[in-house]
Amino acid sequence: MAVEAASGPAQGSTIIRNIGLLLSGDLAQPVLAADAILVTDGRIAAVGRLKDLPEAPGAAVIDAGGGAVAPGLIDSHVHPVFGDWTPRQNQIGWVESFLHGGVTTMISAGEVHLPGRPKDIIGLKALAIAAQRSFANARPAGVKVLAGAPVLEKGMVESDFAELAAAGVTLLGEVGLGSVKAGYEAREMVAWARKHGIQSTIHTGGPSIPGSGLIDKDTVLEADADIIGHINGGHTALPEAHVCELCERSSRAIELVHNGNERVAIAAAQAARDLGQLHRVILGTDSPAGSGVQPLGILRMVSLLASLGGIRPELAFCMATGNTARLRGLDSGIVEVGRAADLVFLDRAQHSAGRDLLHSVELGDIPGIGMVMIDGAIRAGRSRNTPPAERVPELLGH
């Protein structure tokens, strides 16, 4: 289990060349007409044709081998505890395994699996601050885990949210996992959180763990949280018609998760598409969970939506990257000058029936990963979890 200090971005420059397909993460232009990226001090400094990139004497060189490069995947819904251990499945190294699934950023929806999780107001604030500090100070395998997401409990007042925000907490855990379950109660607290710059997510669907409960469409609409968490259920979904109604009547983010109802995930994505609002759709795994830890969960969601949901594969990748980055206010997720150089190198899996990466995903295969970069530093080579990629990048040195 590799948990290390958050030491900052890689220093110096790296040129990534011979990119066969550059996925941007941006719905407006999901594929870029470029074959090279210049990374400087952990950030994207230039994107374009190799011949047009600024000179970078002494830069390291990565040859992408004609394969694809995409923004690092973002898991919008995880339940971490501390370090790289999950008590939900008593598993060590789960975050590192997600790195090998192309995930470079994870966002907590609450540290609810902590044994003896405090539910009094002083305790829940202390836990949130401790989790936020812990993952800010140490990254499992280099992955950015944005944690410290308190679960709402009865009796919280506005000053509690002001205190949390002042301490650096920016997230709320899933509304509905604590004692606050009524829409009117949640709405007041969500508004307090929003006022103080804390983003909220609401549980949607049937109960997932003891202590949680049904959150129906009317409660979701009344609470008006920033993100309709696992709109396809975590695990049990609301009726499909209710989910589509949420897509139509709410303007908030539509989160689809691996550990939910796949049929309803497809219906929600198609509803967003038909409304012309694919920018609202983001992807998560809702793991660790009773069904386990899914290191390839985000890739599998991309493949699900592209192969069975009728979503163009390059747009499905945007849901796993740029959409989440914009809705969550992250500086990664899009291949764009100035953003963090969180990148995943991938290609079609060996012997896939697909002609190329995007066609293979459209046919339902997951791609192979050859390298993962976070803040300009190579964090993983050929993935131990995906099928082998047809082409893999090569570090050529300086």
query: CG/Leu327 to CD1/Ile254 distance, rounded to the nearest 0.5 angstrom?
result: 10.0 Å

field: Shortest non-hydrogen separation from Ile311 to Ala316 and the atoms involved
entry: CG2-N, 4.0 Å

task: Applying side-chain contact (heavy atoms from CB on, under 4.5 Å), name anything that partners Leu358, two or more places apart in sequence or on another chain.
output: Leu21, Leu23, Pro313, Glu314, Phe317, Asp356

field: Side chain proximity check, Leu299 to Ile369, heavy atoms < 4.5 angstrom
entry: yes

task: Measure the spacing between CG of Asn259 and CG of Asp286 and express it to the nearest 0.5 Å.
output: 5.5 Å

query: How far apart are the closest heavy atoms of Val151 and Val112, and which atoms are they?
result: CG2-CG1, 3.5 Å

query: Is a side-chain N or O of Gln199 found less than 3.5 angstrom from the main chain of Arg194, in a donor-acceptor match?
result: no

message: Is there a path of hydrophobic side-chain contacts, each under 4.5 Å between heavy atoms of I/L/V/M/F/W/Y residues, joining Met319 to Met301?
response: yes

message: Any non-hydrogen side-chain atom of Asn261 less than 4.5 Å from a side-chain atom of His235?
response: no

Asp226 side chain reached by Ser200 side chain, heavy atoms, under 4.5 Å: yes

Hydrophobic cluster identity match, Val372 and Ile16, side-chain contacts under 4.5 Å: no

task: Look at the side chain of Arg187 and the backbone N and O of Glu222, then say whether any donor-acceptor pair between them is shorter than 3.5 Å.
output: yes

message: Can you tell me how far apart CG (Leu283) and CZ (Arg300) are? Round to the nearest 0.5 Å.
response: 14.0 Å

message: Taking Gln294's backbone N and O only, do any of them form a donor-acceptor pair with Thr285's side chain (distance below 3.5 Å, no angle check)?
response: no

- prompt: Between His359 and Arg355, is there a donor-acceptor pair closer than 3.5 Å when you use the side chain of the first and the backbone of the second?
  reply: yes

- prompt: Does the side chain of Leu315 reach to within under 4.5 Å of the side chain of Leu305, using non-hydrogen atoms?
  reply: no

message: Tell me whether Lys125 is salt-bridged to Asp160, with the criterion being a basic N under 4.0 Å from an acidic carboxylate O.
response: yes

statement: Residue pairs passing the salt bridge (charged side-chain N to carboxylate O under 4.0 Å, His left out) test with at least one member in residues 341-350, sequence neighbours excluded, are Lys144-Asp342, Asp347-Arg391, Arg348-Glu390

query: Just by distance, do the side chain of Thr324 and the backbone of Ala320 share a donor-acceptor pair under 3.5 Å?
result: no

message: Using a 3.5 Å distance criterion without hydrogens, assess whether the side chain of Glu394 forms a donor-acceptor pair with backbone atoms of Asp63.
response: no

field: Polar contact flag, side-chain donor to acceptor under 3.5 angstrom, Thr201-Glu174
entry: no

Atom of Val81, atom of Phe135 and distance for their closest heavy-atom approach: O-CE1, 3.2 Å

query: Heavy-atom distance under 4.5 Å between the side chains of Pro140 and Val145, does that happen here?
result: yes

- prompt: For the atom pair CZ (Arg139) and OG (Ser134), what is the distance rounded to the nearest 0.5 Å?
  reply: 13.0 Å

query: Regarding Asn323 and His279, is there a side-chain donor-to-acceptor distance under 3.5 Å anywhere?
result: no

- prompt: With a 4.5 Å limit on heavy-atom distance, are the side chains of Leu73 and Thr104 in contact?
  reply: no

- request: Please check if Ile62 and Ile19 belong to a single hydrophobic cluster, counting links between Ile, Leu, Val, Met, Phe, Trp and Tyr side chain heavy atoms closer than 4.5 Å.
  value: yes

- prompt: Between Thr14 (side chain) and Val39 (backbone), is there a donor-acceptor pair under 3.5 Å?
  reply: no

- prompt: Can you hop from Leu238 to Leu275 via hydrophobic side chains spaced under 4.5 Å?
  reply: no

- request: Look up atom CG in Leu164 and atom OG in Ser159, then write down how far apart they are to the nearest 0.5 Å.
  value: 9.5 Å

- request: Spell out, as yes or no, whether a donor-acceptor pair under 3.5 Å connects the side chain of Gln270 to the backbone of Gly309.
  value: yes

Smallest separation among heavy atoms of Thr321 and Gly72, with atom names: CG2-O, 3.6 Å

- prompt: In terms of heavy-atom contacts, does CZ of Arg339 have more than 12 from other residues, nucleotides or ligands at under 6.0 Å?
  reply: yes

- prompt: Would you call the rings of His113 and His79 parallel, tilted or perpendicular, where under 30° means parallel and over 60° means perpendicular?
  reply: tilted

Any Leu50 side-chain heavy atom under 4.5 Å of Ile15 side chain: yes

- request: Side-chain contact test, heavy atoms from C-beta onward, threshold under 4.5 Å: evaluate it for Leu246 versus Ile231 and give yes or no.
  value: yes

message: Please determine whether residues Met371 and Leu99 belong to a single hydrophobic cluster, defined as Ile, Leu, Val, Met, Phe, Trp and Tyr linked transitively by side-chain heavy-atom distances below 4.5 Å.
response: no

query: For Glu55, does the CD atom have more than 12 heavy-atom neighbours from other residues, nucleotides or ligands under 6.0 Å away?
result: no

- prompt: Any sub-3.5 Å donor-acceptor pair from Arg328's side-chain atoms to Ser76's backbone N or O?
  reply: yes

task: Scan side-chain atoms only and decide if His230 and His203 contain a donor-acceptor pair under the 3.5 Å cut-off.
output: yes

- prompt: Got a second to check how far Asn385's CG is from Ser97's OG, nearest 0.5 Å?
  reply: 4.5 Å

message: Regarding Glu362 and Arg312, does a basic nitrogen lie under 4.0 Å from an acidic carboxylate oxygen?
response: no

task: Only one of Val78, Thr170, Leu330 passes side chain to side chain contact (heavy atoms under 4.5 Å, CB included) with Leu146; say which it is.
output: Leu330

query: Is Lys154 atom NZ crowded by more than 12 heavy atoms from other residues, nucleotides or ligands, each under 6.0 Å away?
result: yes

- prompt: Does a sphere of radius 6.0 Å around CZ in Arg263 hold more than 12 heavy atoms from other residues, nucleotides or ligands, not counting ones at 6.0 Å or beyond?
  reply: no

- prompt: Do Ser352 side-chain atoms and Gly354 backbone N/O form a donor-acceptor pair below 3.5 Å?
  reply: yes

Residue list, ring-ring contact (aromatic ring centres under 6.0 Å, His included) with Phe98, at least two apart or on another chain: Trp94

